[in-house]
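Chain letters run A, B, ... following the sequence lines, proteins first, then strands; residues in each count from 1. Computed from a prediction, not measured in an experiment: that's the story for all the values here.
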Amino acid sequence: MTSFQFSVKSRLARPSLARTGIIRTPHGEIKTPAFIVVGTKASVKAMTPEQVSSVNAQAVLANAYHLYLQPGHKLIEKAGGLSKFMNWPGPTFTDSGGFQVLSLGSGYKKVIDMVGGESTEITKKTKTERKAFVDEDGVTFFSHLNGSRHRFTAELSMQIQHAIGADIIFAFDELTSLADPYDYQIESLKRTHDWALRSIEEFNRLRLANPTRPYQALFGVIQGAQYEDLRRMTSKFMAGLPVEGFGIGGAIEKKRLGQIVRWVTDELPEEKPKHLLGISEPDDIFEAIDNGIDTFDCVSPTRVGRNGSAYTYFGRQNIVASRFRDDFRPLIEECACYTCQNYTRAYLHHLLHAKELLGYTLMSIHNEYFIIKLVDDIRLSIENGSFNNLRAQWLKNYYKDK
RNA sequence: GCAGGGUUAGUGAAGCGGUCAAACACGGCAGACUGUAAAUCUGCUGGCUUAUGCCUUCGUAGGUUCGAAUCCUACACCCUGCA
C-alpha cells in the first residue's frame with residue numbers, strides 16, 4: 001500500500017537549489033534535508049536504536065556487502081527484513097557494495113582522501129594486497145573476514161538488497177578515486193551505466209516476483225569524479241532511467257564540492273530526491289544542500305567519535321588530548337544531547353583513555369546529535385529564509401580556533 | 001648460611017665486547033579519520049638552541065680493554081633450591 005514518494009515543500013530562490021521536502025517510505029517519513037546515520041552491519045556502532053532515535057536520526061543506512069558476508073542476506077530476509085532484524089522501526093537504506101569496489105580494491109590499505117585534499121592517496125606502510133578486482137561484468141571480492149572468494153554483479157547486489165529489504169536501495173556502481181586517470185573514469189562510468197541498467201532490470205524482476213513485499217525504491221548512482229563533462233553526461237544518462245532518486249557518489253574534490261554537485265543536480269529531474277553519499281563535514285553539508293542535495297549519510301560522526309574527536313562549533317576537538325584531562329565542562333555548553341547534558345570532557349577523556357565502551361557510545365551520541373541538529377537547523381532555515389545567515393554564522397567559527 | 005638465577009629508558013622485555021641512546025610491546029604525546037577491513041591508522045617518545053652533532057644513561061662502586069649494557073671484583077636488593 002504505502003509506496004515511495006517524495007514531495008518538495010519549500011525552496012530557496014535561485015541560484016540556490018536548497019529545498020525542504022518529505023520522503024515517504026513504508027517505514028515512515030524522512031523530512032529533508034536529512035542526515036542519514038550509517039549502520040553498516042545493521043548496527044549504528046556503539047548505539048542502541050533507542051539512542052539512535054534519541055539523537056533525532058530519521059533513517060539508517062546499512063551495507064549490502066557487509067550484510068551479505070555476515071550474517072547473510074537470506075538470514076535478514078528470514079528475520080523479516082533489516083528494519084525488524086535490527087529493531088530500527090524507521091526508514092532504512094542499503095548501499096550496493098559499490099564503495100567496497102574502491103575501499104577493498106585499488107584503495108585497499110591506502111588512505112584515500114575521498115574529498116580531495118592536496119594528496120589524494122597516501123599509501124600505508126603495510127603491504128598492499130587488494131581484495132577486490134573489477135571487470136566489465138562485476139567485481140570479485142575476497143572477504144575481509146576470512147579471505148573467501150565472492151562475485152558481485154549488479155544482479156547479485158539487487159538480490160541482496162531486495163532480501164535485506166531496505167526502503168531505499170542503490171544501483172550497483174563502481175567508485176573510482178581522484179587519482180584514477182580520465183580514461184579510466186570513462187571506462188568505469190560505462191561500467192556503472194551498464195550496471196545501472198542491469199540493476200533496474202533485475203530489481204523489476206524481483207519486484208514482480210514478490211508483489212507482496214514492502215515497496216523498495218531504487219536510486220541510480222552518479223559517478224564521474226572531478227570532471228564536469230563526465231558528471232553531466234552520466235547525470236543525463238541516469239536522469240532518463242526509471243529510478244526513483246539518485247545517489248551522488250565518488251571521489252569529490254572538497255574545494256569544488258558544491259560545483260560538482262551542481263553539475264549533477266542541473267541535469268537531474270528536480271522532482272526526484274538526491275542523496276549525497278558519504279559526506280558530513282558541516283561546510284560540505286551547507287555546500288551540498290545549497291546545490292540541491294536532499295539527504296546525506298556518513299560514517300564520520302561515529303567513527304571520529306570512537307577515535308576520540310567530538311564535533312563542536314569550532315571544528316572537531318580531540319578529546320583524548322591531555323588538555324581535556326581535567327576539563328569539567330560538557331563538550332558543548334549549549335548542546336542538548338544526552339552526553340552534554342550529563343558528562344564532562346574530563347570523564348569522556350578518561351573513558352577514551354581507558355578504552356571503556358561507554359566512551360564510544362557517548363561520543364557517538366554527541367556527534368550524531370550534532371550533525372543531525374545542524375541539518376535540522378538548516379531545514380528550518382530554508383523554510384524561514386535564514387539559510388544564508390545561518391551558513392555565514394556557522395562557517396565563521398567552524399575552522400577558526402580549532 | 002650455601003648454590004643458582006636476576007637487576008636495561010614510564011612499565012614489561014630483547015640485547016650478552018664495537019654497527020647501542022639501546023629491538024619489541026604497552027603506556028605517554030601529537031595528528032588523521034567524509035556510501036566503515038576502522039574501539040582504527042600515522043608520527044614522535046633520555047637531554048640539548050633538533051643536528052651525517054654533543055651530553056647523560058643499562059642496580060651501585062671499582063677494574064680489564066683502543067673500546068663495556070655486554071667481561072672481572074666487591075657491595076646492595078630481588079627470586080628459586082638446599083640447609
Side-chain angles (χ1 to χ4, degrees), chain A residues 35-46 60-67 69-70 93-105 107-117 119 122-126 128-132 141-147 166 168-175 219 221-223 247-254 257 275-285 287-288 295-309 311 316-318 320-323 325 351-364 367 371 402:
Chain A
F35 179 71
I36 312 304
V37 162
V38 175
T40 301
K41 296 189 271 188
S43 155
V44 179
K45 291 188 195 294
V60 173
L61 179 143
N63 186 294
Y65 170 79
H66 296 259
L67 294 175
L69 288 182
Q70 189 181 53
F93 294 54
T94 43
D95 183 30
S96 63
F99 180 75
Q100 281 63 40
V101 179
L102 175 68
S103 68
L104 298 179
Y108 188 65
K109 282 193 175 165
K110 288 175 183 171
V111 175
I112 304 160
D113 187 345
M114 293 304 301
V115 283
S119 58
I122 303 151
T123 306
K124 285 187 189 172
K125 283 184 177 165
T126 40
T128 62
E129 180 196 322
R130 58 157 71 187
K131 297 212 175 291
F141 287 107
F142 292 89
S143 162
H144 66 276
L145 297 174
N146 62 11
I168 294 171
I169 71 174
F170 289 98
F172 192 49
D173 66 313
E174 178 186 3
L175 170 52
F219 281 26
V221 180
I222 313 288
Q223 292 291 345
I248 299 170
I252 291 175
E253 285 180 291
K254 189 179 176 77
L257 186 137
H275 180 93
L276 184 59
L277 289 150
I279 293 295
S280 76
E281 283 304 304
D283 54 337
D284 297 335
I285 288 176
E287 271 298 303
T295 54
F296 312 84
D297 71 273
C298 196
V299 304
S300 192
T302 51
R303 179 193 286 172
V304 147
R306 263 178 283 121
N307 294 336
S309 285
Y311 278 98
R316 297 200 302 228
Q317 302 271 339
N318 204 356
V320 292
S322 55
R323 66 179 180 280
R325 186 167 34 226
L351 292 179
L352 292 164
H353 270 266
K355 297 183 171 27
E356 278 293 332
L357 271 32
L358 181 59
Y360 307 133
T361 297
L362 295 178
M363 291 294 287
S364 298
N367 283 349
I371 295 298
K402 202 167 181 180

- Presence of donor-acceptor pair under 3.5 Å, side chain of A:S103 and base of B:U36: no

- Would you say A:H66 reaches B:G35's phosphate, i.e. side-chain N/O to OP1/OP2 under 4.0 Å? no

- Length of the line joining A:L145:CG and B:U36:P, which is rounded to integer Å: 14 Å

- Query: Quick one: which of B:C33, B:A38, B:A37 gets closest to the side chain of A:K109?
  - Reply: B:A37

- For A:L69 and B:A37, give me the distance from atom CG to atom P, rounded to whole Å. 11 Å

- Message: Roughly how many Å apart are B:A9 and B:C82, using the P atom of each and rounding to a whole number?
- Response: 32 Å

- Message: Only pairs with both distances under 3.5 Å count, Watson-Crick or wobble alike; so what is the partner of B:C26 in this structure?
- Response: B:G10

- Grab the two heavy atoms, one from A:S143 and one from A:L69, that are nearest each other, plus how far apart they are. OG-CD1, 3.8 Å

- Task: Check whether any side-chain heavy atom of A:I222 lies under 4.5 Å from a side-chain heavy atom of A:I248, and answer yes or no.
- Result: yes

- Note on the structure: Mate of B:U49 across any strand shown (Watson-Crick or G-U wobble, both atom pairs under 3.5 Å) is none

- Could you work out the separation of B:U60 and B:A69 based on their P atoms and round it to a whole Å? 12 Å

- Note on the structure: From CD1 of A:I168 across to C1' of B:G35 the rounded distance in Å is 14 Å

- Note on the structure: Here the distance between atom P of B:C29 and atom CG of A:L352, to the nearest Å, is 12 Å

- Message: Using a heavy-atom cut-off of 4.0 Å across all strands, would you classify A:I279 as base, sugar-phosphate, or nothing?
- Response: base

- Counterpart base for B:U40, defined by Watson-Crick or G-U wobble contacts under 3.5 Å: B:A32

- Query: For the residue pair A:A46 and A:T361, what are the closest heavy atoms and their distance?
  - Reply: O-OG1, 2.8 Å

- Task: Assess whether side-chain contact (heavy atoms from CB on, under 4.5 Å) is satisfied between A:V44 and A:S364, documenting all intermediate values.
- Result: CA-CA 9 Å; A:V44 179; A:S364 298; over 6 Å; no

- Query: In the structure shown, which nucleotide is the Watson-Crick or G-U wobble counterpart of B:C82, with both distances under 3.5 Å?
  - Reply: B:G1

- Query: A:V304 has a side chain; which of B:C33, B:A38, B:A37 sits nearest to it?
  - Reply: B:C33

- Item | Whole-angstrom distance between B:A74 and B:G67, as gauged at atom P | 23 Å

- Query: Do the side chain of A:Q223 and the base of B:G35 come within less than 3.5 angstrom through a donor-acceptor pair of N or O atoms?
  - Reply: yes

- So does A:S322 get a side-chain nitrogen or oxygen closer than 4.0 Å to the phosphate oxygens (OP1/OP2) of B:A30? yes

- Report yes if at least one side-chain N or O of A:N318 is closer than 4.0 Å to OP1 or OP2 of B:A30; otherwise report no. no

- Message: By the 4.0 Å heavy-atom rule, please label A:L357 as base, sugar-phosphate, or nothing.
- Response: base

- Task: State, to 0.1 Å, how close A:F296 and A:H275 come at their nearest heavy-atom pair, and which atoms those are.
- Result: C-CE1, 3.3 Å

- Sugar-phosphate, base or nothing in reach of A:T302, heavy atoms under 4.0 Å: base

- Task: Please state how far atom CG in A:D95 lies from atom P in B:G35, giving the value in whole angstrom units.
- Result: 10 Å

- Rounded C1' spacing from B:G10 to B:U73 in Å: 33 Å

- Considering all heavy atoms, the nearest A:N63-A:D95 contact: ND2-OD2, 3.8 Å

- Message: With hydrogens left out and only the distance checked, is there a donor-acceptor pair under 3.5 Å joining A:N63's side chain and the base of B:G35?
- Response: no

- Task: Take atom C1' in B:G12 and the same atom in B:C58, then report the distance between them in whole Å.
- Result: 15 Å

- Do we see a donor-acceptor contact under 3.5 Å between the side chains of A:E281 and A:Y311? yes

- Message: Using the C1' atom as the point on both nucleotides, what is the distance between B:A38 and B:A32, in whole Å?
- Response: 12 Å

- Which one is paired to B:G17, where only Watson-Crick or G-U wobble pairs with both distances under 3.5 angstrom count? none

- Message: Suppose you measure atom C1' in B:U7 against the same atom in B:U57; what distance do you get, rounded to whole Å?
- Response: 15 Å

- Task: Please report, rounded to the nearest Å, how far the C1' atom of B:U36 is from the OH atom of A:Y65.
- Result: 12 Å

- Message: In this structure, how many angstroms lie between the P atom of B:A32 and the CZ atom of A:R303, rounded?
- Response: 15 Å

- Task: Give the rounded distance in Å between these two atoms: CG of A:N307 and C1' of B:A37.
- Result: 14 Å

- Query: At under 4.0 Å, does any side-chain N or O of A:Q100 touch on OP1 or OP2 of B:A37?
  - Reply: yes

- Message: So, OP1 or OP2 of B:U40: does either fall under 4.0 Å of a side-chain N or O from A:R306?
- Response: no

- Pairing nucleotide - B:A69, Watson-Crick or G-U, each distance under 3.5 Å: none

- Query: According to the interplanar angle, ranging from 0 to 90°, do the rings of A:F170 and A:F219 count as parallel (below 30°), tilted (30 to 60°) or perpendicular (above 60°)?
  - Reply: perpendicular

- Would you indicate what A:A321 reaches in the nucleic acid, counting non-hydrogen atoms under 4.0 angstrom: base, sugar-phosphate, or nothing? sugar-phosphate

- Message: I'd like the P distance from B:A21 over to B:G81, given in whole Å.
- Response: 40 Å

